[in-house]
Asker: 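Pasting a structure here, questions to come.
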Amino acid sequence: MRRLVIFSVFLMAAAPLPPVTFHLAPPQAGSTDYGPADMLCDLDKCHMFKVPGMPSNGTVDFQMPFLKGQERTDLRRCFSLCRAKATGYPSEPEHRTPDQRNPSISIAVTELSIQ
């Protein structure tokens, strides 16, 4: 019985996580889909890399969305590289460092899907 429990825990840990979609704001006119692309988040901002339709060294950046409960847990998987698609519209960058050379755009996200 103990072996069965250990094996079951191992299988659950190895199973891929299901896709999750966060609806962060009502749909906006002029919104665009960005991705799917690799995404990495930190405590303040998310960065999408190699986004289709952008220069190869360009990024799509947006502020970390405000989430509660299980949504916060689901987004944690993007603190290491994850695959995502964001829907949003261009916005003013919150923080742009003077040494940032790669092309990037900032967006206000209305919907975020992670895989």
Asker: To the nearest 0.5 Å, what is the distance between OG on Ser106 and CG on Asp61?
Answerer: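 Output value for this atom pair is 5.5 Å.
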Asker: Rounded to the nearest 0.5 Å, what separation is found between the SG atom of Cys82 and the CD atom of Gln115?
Answerer: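 Going from SG on Cys82 over to CD on Gln115, the span is 9.0 Å.
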Asker: If you group Ile, Leu, Val, Met, Phe, Trp and Tyr whenever their side-chain heavy atoms sit less than 4.5 Å apart, what else falls in with Phe49?
Answerer: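 In the cluster with Phe49 are Leu40, Leu81.
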Asker: Do Arg77 side-chain atoms and Asp74 backbone N/O form a donor-acceptor pair below 3.5 Å?
Answerer: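 Present.
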Asker: Look up atom OG1 in Thr110 and atom CZ in Phe62, then write down how far apart they are to the nearest 0.5 Å.
Answerer: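 Answer rounded to 0.5 Å: 10.5 Å.
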Asker: With rounding to the nearest 0.5 angstrom, report the CD1 to CZ distance, Ile114 to Arg76.
Answerer: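 With rounding to 0.5 Å, CD1 (Ile114) is 12.0 Å from CZ (Arg76).
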Asker: Can you confirm whether Val60 sits close enough to Ile107 that some side-chain heavy atom of one is under 4.5 Å from a side-chain heavy atom of the other?
Answerer: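 When only atoms from C-beta onward are counted, Ile107 and Val60 do touch, with a gap below 4.5 Å.
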Asker: State whether the side chain of Glu111 and the backbone N or O of Leu24 hold a donor-acceptor pair below 3.5 Å, judged by distance alone.
Answerer: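 Not confirmed, Glu111 side chain does not pair with Leu24 backbone.
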Asker: How many angstroms lie between CD in Gln70 and CG in Leu75, if you round to the nearest 0.5 Å?
Answerer: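 Answer rounded to 0.5 Å: 11.5 Å.
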Asker: Please find the pair of heavy atoms, one from Ala108 and one from Ser91, that lie closest to each other, and give the distance.
Answerer: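 Taking Ala108 first and Ser91 second, the nearest heavy atoms are N-OG, 3.6 Å.
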Asker: Could you tabulate the donor-acceptor pairs under 3.5 Å formed by side-chain atoms of residues 28-39, not counting sequence neighbours?
Answerer:
residue: Ser31; atom: OG; partner: Gln28; partner atom: O; Å: 2.9
residue: Asp33; atom: OD1; partner: Thr87; partner atom: OG1; Å: 2.6
residue: Asp38; atom: OD1; partner: Arg83; partner atom: NH1; Å: 3.2

Asker: Can you tell me how far the CZ atom of Arg72 sits from the CG atom of Leu67, to the nearest 0.5 Å?
Answerer: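 The distance works out to 8.0 Å.
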Asker: Would you say that Asn57 contacts Pro103 through its side chain, given a criterion of any heavy-atom pair below 4.5 Å between the two side chains?
Answerer: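 Result yes, sub-4.5 Å side-chain heavy-atom pair found.
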Asker: One pair to check against side chain to side chain contact (heavy atoms under 4.5 Å, CB included): Val109 and Phe22. What are the steps and the verdict?
Answerer: CA-CA 10 Å; Val109 180; Phe22 308 105; over 6 Å; no
Asker: Looking only at heavy atoms, which two atoms of Cys41 and Met64 are closest? And how far apart?
Answerer: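 The answer is CB-CE, 3.7 Å.
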Asker: Give the cluster check for Leu112 versus Met54: same hydrophobic cluster or not, with ILVMFWY residues linked at side-chain heavy-atom distances below 4.5 Å.
Answerer: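 Yes, same cluster.
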Asker: Measure the distance from the SG of Cys46 to the SG of Cys78 and say whether it is below 2.5 Å.
Answerer: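 With an SG-SG separation of 2.5 Å or more, Cys46 and Cys78 do not form a disulfide.
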